[in-house]
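Read through the structure below, which is laid out as structure tokens, and then see the notes.
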There are 2 protein chains.
Amino acid sequence: MNPIGNLNKIFESRIRLGVMSILMVNEEVNFNDLKQMLEVTDGNLASHLNTLEENGYLKVHKGFIGRKTNTTYAITPAGEKAFKGHLAALEHMIKFTR
Amino acid sequence: MNPIGNLNKIFESRIRLGVMSILMVNEEVNFNDLKQMLEVTDGNLASHLNTLEENGYLKVHKGFIGRKTNTTYAITPAGEKAFKGHLAALEHMIKFTR
DNA sequence: TGTTTTAGCTTTGTATTGCAAAGTGCTTTT
DNA sequence: AAAAGCACTTTGCAATACAAAGCTAAAACA
């Protein structure tokens with residue numbers, strides 16, 4: 001009945017939506033690449049990554065390339081489940097409009 | 001490249017998304033029915049309807065049923081175009097994740 | 001060796017948004 | 001006459017978004 005009842009509040013942000021969809025197709029992506037793909041400021045991206053991590057949807061890996069720091073982000077199983085649920089809700093809503 | 005570049009800012013709100021998807025399948029719907037379908041407070045709904053109207057996505061018709069007021073809402077051509085564009089962007093994003 | 005740049009943040013400040021609750025005016029129902 | 005419903009508007013607060021600035025450590029450059 002309610003076409004929006006199953007949408008996930010966390011994924012109402014365009015940036016968080018973008019992060020998740022990028023990480024669904026790329027096993028892990030570093031901070032800078034995400035920043036460039038989404039065309040956002042670094043502070044803004046960092047805070048969205050933070051809320052995704054706080055919700056258990058993302059895991060962070062602080063590593064190195066050679067001796068240069070390289071922080072990568074990847075989706076957790078919980079994140080994948082939540083995101084797929086959200087996409088299903090969106091698809092349902094879209095079908096509802098036909 | 002950017003999976004979220006074509007999303008419409010106006011439709012990032014779950015309630016506005018809900019209003020639009022309801023009005024895509026129902027030619028016109030009155031205030032109270034929208035309120036019940038979306039399970040929101042009247043003030044909250046009114047303000048979202050207002051922003052949709054301000055953006056030219058909705059037209060409002062203040063009429064009567066008998067002698068009782070009945071305000072109905074319907075999508076404008078611009079609203080339909082914008083919403084379809086947003087759905088296309090969402091579908092594109094969803095496909096991107098496969 | 002000193003200076004600048006880059007990566008990845010955190011902090012700060014502002015502006016916008018979301019929302020509930022209360023108030024309003026008109027009408028209908030009881 | 002009183003209560004309730006409809007369709008709002010207003011108020012006020014809390015959460016959010018975002019840019020900009022600051023910050024640390026390492027790297028690249030001169």
Side-chain angles (χ1 to χ4, degrees), chain A residues 2-5 7-23 26 28-55 57-75 86, chain B residues 2-5 7-23 26 28-55 57-75 86:
Chain A
N2 183 339
I4 56 168
L7 296 177
N8 186 331
K9 195 128 211 253
I10 300 296
F11 300 135
E12 273 177 56
S13 147
R14 70 201 290 101
I15 296 179
R16 293 196 292 266
L17 215 45
V19 168
M20 294 301 283
S21 64
I22 287 170
L23 292 180
N26 301 282
E28 50 177 20
V29 179
N30 68 33
F31 187 87
N32 220 30
D33 287 348
L34 282 175
K35 182 182 156 187
Q36 279 167 21
M37 288 187 216
L38 297 171
E39 299 167 54
V40 286
T41 57
D42 53 358
N44 194 5
L45 176 59
S47 75
H48 284 296
L49 289 172
N50 200 39
T51 71
L52 286 172
E53 198 196 348
E54 279 170 7
N55 280 274
Y57 294 167
L58 239 58
K59 57 177 177 291
V60 184
H61 178 240
K62 287 168 192 276
F64 293 88
I65 290 185
R67 284 167 54 208
K68 195 173 170 184
T69 59
N70 185 60
T71 308
T72 60
Y73 300 85
I75 290 186
H86 184 74
Chain B
N2 182 339
I4 56 167
L7 295 176
N8 186 331
K9 193 125 213 252
I10 300 295
F11 300 135
E12 272 177 58
S13 148
R14 69 201 290 102
I15 297 178
R16 293 197 290 268
L17 215 46
V19 168
M20 293 302 282
S21 65
I22 288 170
L23 292 181
N26 301 282
E28 49 177 20
V29 179
N30 68 34
F31 187 88
N32 221 32
D33 287 348
L34 283 175
K35 182 182 156 187
Q36 279 167 22
M37 289 186 215
L38 297 172
E39 301 168 51
V40 285
T41 57
D42 53 358
N44 194 4
L45 177 58
S47 76
H48 284 297
L49 289 172
N50 200 38
T51 73
L52 287 172
E53 200 196 346
E54 279 170 6
N55 280 273
Y57 293 168
L58 240 59
K59 56 176 179 287
V60 183
H61 179 240
K62 290 170 191 275
F64 293 88
I65 291 185
R67 281 166 55 207
K68 194 174 170 183
T69 59
N70 184 63
T71 308
T72 60
Y73 300 85
I75 290 185
H86 184 72

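To find a chain, count down the sequence lines: A is the first, B the second, and so on, and within it residues start at 1.
One can place CG of B:L34 at 14 Å from C1' of D:dC8, the figure rounded to the nearest angstrom. For the pair A:F11 CZ and D:dA17 P, the interatomic distance rounds to 13 Å; values are reported in whole Å. Atom C1' of nucleotide D:dA7 and atom CD of B:Q36 are separated by 14 Å, given to the nearest angstrom. The separation between A:N32 atom CG and D:dA26 atom P is 18 Å, rounded to whole Å. Atom-to-atom, CG of B:N30 to P of D:dG5 comes out at 15 Å; the value is rounded to the nearest Å. Put simply, CG on B:L58 is 11 Å from P on D:dC8, counting in whole angstrom units. Taking atom NZ of residue B:K35 and atom P of nucleotide D:dC6, one finds them 7 Å apart after rounding to whole Å. Protein atom CG of A:L17 is 17 Å distant from nucleotide atom P of D:dT16, rounded to whole Å.
Near DNA chain D, meaning a heavy atom under 4.0 Å from it, residues 41-48 of chain B has B:D42, B:G43, B:A46 in order of number.
One finds no side-chain N or O of B:K9 lying less than 4.0 angstrom from the OP1 or OP2 phosphate oxygen of D:dA17.
Contact annotation for B:Y73: backbone-only contact, meaning every heavy-atom pair under 4.0 Å involves sugar-phosphate atoms and none involves a base. Among the atoms of the strands shown, only primed sugar atoms or phosphate atoms (P, OP1, OP2) are found under 4.0 Å from some heavy atom of B:K62. Across all strands, B:N70 comes closer than 4.0 Å only to sugar-phosphate atoms, never to a base (heavy-atom distances).
For DNA chain C, the outermost nucleotides in 5' to 3' order that have an atom under 4.0 Å from a heavy atom of chain B are C:dG18 to C:dT28.
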Could you list, one pair per line, each protein nitrogen or oxygen that sits under 3.5 Å from a nitrogen or oxygen of nucleotides 27-30 of chain D, together with the distance?
residue : atom : partner : partner atom : Å
D:dA27  : OP1  : A:R67   : O            : 2.6

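Looking at the side chain of A:S13, the nearest of the listed nucleotides D:dA17, D:dC18, D:dC8 is D:dA17.
What you find for A:L38 and B:P3 is that their closest heavy atoms are CD2-CD, 4.3 Å.
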Would you check, one step at a time, whether the test side-chain contact (heavy atoms from CB on, under 4.5 Å) holds for A:F64 with A:N70? CA-CA 5 Å; A:F64 293 88; A:N70 185 60; 5.8 Å; no
Verdict with reasoning, A:H86 to A:L17, per side-chain contact (heavy atoms from CB on, under 4.5 Å): CA-CA 10 Å; A:H86 184 74; A:L17 215 45; 4.0 Å; yes
Indicate every side-chain donor-acceptor pair of residues 45-52 of chain B with a distance under 3.5 Å to a residue at least two apart or in another chain.
residue : atom : partner : partner atom : Å
B:S47   : OG   : B:N44   : O            : 3.0
B:H48   : ND1  : B:R16   : NH1          : 3.0
B:H48   : NE2  : B:N44   : OD1          : 3.2
B:N50   : ND2  : B:E54   : OE2          : 3.3
B:T51   : OG1  : B:H48   : O            : 3.1

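Nucleotides of DNA chain C nearest to B:I15 and A:T71 differ in position, and the one nearer the 5' end is that of A:T71. The 5' end of DNA chain D is approached more closely, in terms of each residue's nearest nucleotide, by A:R16 than by the other of A:F64 and A:R16.
Of the options B:V29, B:N30, B:L58, B:I22, a side-chain contact (heavy atoms from CB on, under 4.5 Å) to B:Y73 is made by B:L58 and by none of the others. Evaluated for a side-chain hydrogen bond (donor to acceptor under 3.5 Å, both in side chains) with A:T72, the options A:K62, A:E28, A:K59 yield exactly one hit, A:E28.
For B:E12, the salt bridge (charged side-chain N to carboxylate O under 4.0 Å, His left out) criterion is met by A:R14, not counting sequence neighbours.
Among residues at least two apart or in separate chains, side chain to side chain donor-acceptor pair (under 3.5 Å) pairs with a member in residues 32-43 of chain A are A:E39-B:N2.
The OG atom of B:S13 lies 10.0 Å from the CG atom of A:L7; values are rounded to the nearest 0.5 Å.
Side-chain atoms of B:N55 do not come within 3.5 Å of backbone N or O of B:Y57 as any donor-acceptor pair.
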